[in-house]
Protein chains: 2
Amino acid sequence: MPHTYEYPRPSVTVDTVIFSVIADDLKVLLIRRGVEPFKGAWAIPGGFVGMDESLEDAARRELREETNVQGVYMEQLYTFGAPERDPRGRTITVAYFALIAADQREIAAATDSDAVEWFSVYNLPPLAFDHASIVEYALTRLRFKLDYTSVGFQLLPKKFTLTELQAMYEVILARKLDKRNFRKKVLSMGILEPLEETKMEGPHRPAKLYSFTEDELVAWPQHPTMGGEKGPLAGLMGRRSDGA
Amino acid sequence: MPHTYEYPRPSVTVDTVIFSVIADDLKVLLIRRGVEPFKGAWAIPGGFVGMDESLEDAARRELREETNVQGVYMEQLYTFGAPERDPRGRTITVAYFALIAADQREIAAATDSDAVEWFSVYNLPPLAFDHASIVEYALTRLRFKLDYTSVGFQLLPKKFTLTELQAMYEVILARKLDKRNFRKKVLSMGILEPLEETKMEGPHRPAKLYSFTEDELVAWPQHPTMGGEKGPLAGLMGRRSDGA
DNA sequence: CCAAAAGTGTTTCACTTACACCCATGA
DNA sequence: TCATGGGTGTAAGTGAAACACTTTTGG
């Protein structure tokens, strides 16, 4: 066999930070560990990468197995490989983050028991391993991409009101936005289709429903650059298929 | 031993895309492979991760061993893990990119032979494995970060002229920038210290030298966001220490 | 005095920001 | 009719973009 096999190998896992906006809060789906190490502690779902599956496939498989979540937006986040991050031995983890829309969420509920639970990202329990860093980094990335891509729409149902859209931005960014400016901007982008339907709930004017017109993740035009000429955005950062 | 060891393990490597701006061109440092697979083909430097070193340490070690490059800016890029990317067997690679300033570059020259060479990123030879994708992605990321962080200064010597600074931006972004606007903007940022010295070469007015005042990588204020209030940038994206 | 790169200001235009009231509905 | 959230416009300020000539030096 080739000389590759002479080297000792670390274990490789994938771990996924699953976000969803629930009841005007940004939540993360956690699993309570049933085995050592960190038995009883909460952790983000993940597991070992199979020898014949891509990293993203592995992440999706683990997600399905552990939380029943399928067909959602996923993106590679960062690879964590500090030698001591897993007491069992050298383990490198490729972290992903996933976004679940309000209307995809039943699936996550369909799991067995109390071992899977949504927590506010702003009030997490102590997490196993270095999972707290992973979640923190995922939040940073999500906020960042919210500003120049359409990732956010992955968190909304197909039909949504502008108020819901704005509320989603507000929870994630953890700050209030101006209603008129927000609407002006988002409507001027030409990525929303106004529907005939309205959503009426409660004793007030019904809200117009919209849908997101793009199939793919889109990035808005690049922010002002170093001197001269507008730069259309080259690539999309992250969201690569996976190797090759 | 813990159950971790029941799983077959992929090999894990680190590979680094090394950029430098040379003679008004953006170059990548490549190594000619001496062994199969892809013997004779050019590749980015890299190698297996040791069991007791962090990923970034591994990347730095390989860089030092293979190209004599040390003490340069490095940042994790992406992890490539398609099952078939290495014909020898399952190998996952954590890709990094490194930036070498003009005045740090001697080191890279100090290697043995013709086996290490700089190539224009705009005119690369065929590369081994999926290294072409890795370089392409590194370029995308570099361009992207050039627009909102100070990474670019890692490619310049301690003292530089505004023309050199602008030229660096132009090669990387592959487009011309307006001289007056560029200077106005970069000077208004308060990150440059004008030096007394000037650089005179050639039969023309000498250029004032500047130095970059910040020690750390800095990110400029966030681009305009979804409605209301300026958003100071939360984190820096990438450039995490490594795990934990 | 000529060639070559360094250096410098102003105007235009677009977009971000701040801000307050009327509208449609159900109860 | 009242309470509740939905929906709308304008003025001011900031910053990006476009653009051409003078300055300083060496030869």
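Just so we're on the same page: letters track the sequence lines, and every chain starts at 1. Computed from a predicted model, the values in this text were never measured in an experiment.
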Starting from [atom2] on [N], measure out to [atom1] on [X] and report it in whole angstrom.
X	N	atom1	atom2	result
B:Tyr148	D:dA16	OH	P	18 Å
B:Leu187	C:dG7	CG	P	10 Å
B:Glu164	C:dA6	CD	C1'	12 Å
B:Glu201	D:dG26	CD	C1'	13 Å
B:Asp24	C:dA5	CG	P	11 Å
A:Phe182	C:dA18	CZ	C1'	17 Å
B:Leu177	D:dA16	CG	P	13 Å
B:Lys179	D:dA18	NZ	C1'	15 Å

Discussion item. Does the plane of the ring in B:Phe153 sit parallel, tilted or perpendicular to the ring in B:Phe160? Use 30° and 60° as the thresholds.
Written reply: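 It falls in the tilted class, 30° to 60°.
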
Worksheet item: So B:Tyr137 and B:Tyr78, would you call those rings parallel, tilted or perpendicular, with 30° and 60° as cut-offs?
Response: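 Ring orientation, 0 to 90° scale: perpendicular.
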
Item to complete: Take A:Arg32 and A:Glu117 through the salt bridge (Lys or Arg N to Asp or Glu O under 4.0 Å) test and state the conclusion after the steps.
Response: CA-CA 8 Å; A:Arg32 192 196 295 274; A:Glu117 211 169 297; 5.4 Å; no

Worksheet item: Taking for each residue the nucleotide of DNA chain C with the nearest heavy atom, is it A:Pro203 or B:Leu162 whose nucleotide lies nearer the 5' end?
Response: B:Leu162

Which heavy atom of [X] sits nearest a heavy atom of [Y], and at what distance?
X	Y	answer
B:Phe182	B:Leu162	CE2-O, 4.1 Å
B:Tyr96	B:Leu55	OH-CB, 3.3 Å
B:Arg180	B:Asp178	N-OD2, 3.2 Å

Worksheet item: Got B:Ile44 and B:Ile31 here, is their nearest side-chain heavy-atom distance under 4.5 Å?
Response: no

Worksheet item: Near DNA chain D, which residues from residues 204-214 of chain B have a heavy atom under 4.0 Å away?
Response: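 Those residues are B:His204, B:Arg205, B:Pro206.
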
Item to complete: Report the residues that fulfil side-chain contact (heavy atoms from CB on, under 4.5 Å) with A:Asp103, sequence neighbours left out, ordered by chain and then residue number.
Response: A:Ala101, A:Pro157, A:Lys158

Worksheet entry | Side-chain N,O (A:Thr163) to OP1/OP2 (D:dG6) below 4.0 Å | yes

Practice prompt. Any chance you could lay out the side chain to side chain donor-acceptor pair (under 3.5 Å) test for A:Ser54 and A:Arg60, step after step, and finish with the verdict?
Written response: CA-CA 10 Å; A:Ser54 74; A:Arg60 289 190 182 278; over 6 Å; no

Nucleotide N/O of nucleotides 9-12 of chain D paired with protein N/O under 3.5 Å:
from: D:dT10; atom 1: O4; to: A:Lys184; atom 2: NZ; distance (Å): 2.8

Worksheet entry | Under 3.5 Å donor-acceptor pair, B:Lys185 side-chain atoms to D:dG15 base atoms |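 When only heavy-atom distances are counted, B:Lys185 does not reach the base of D:dG15 through any donor-acceptor pair under 3.5 Å.
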
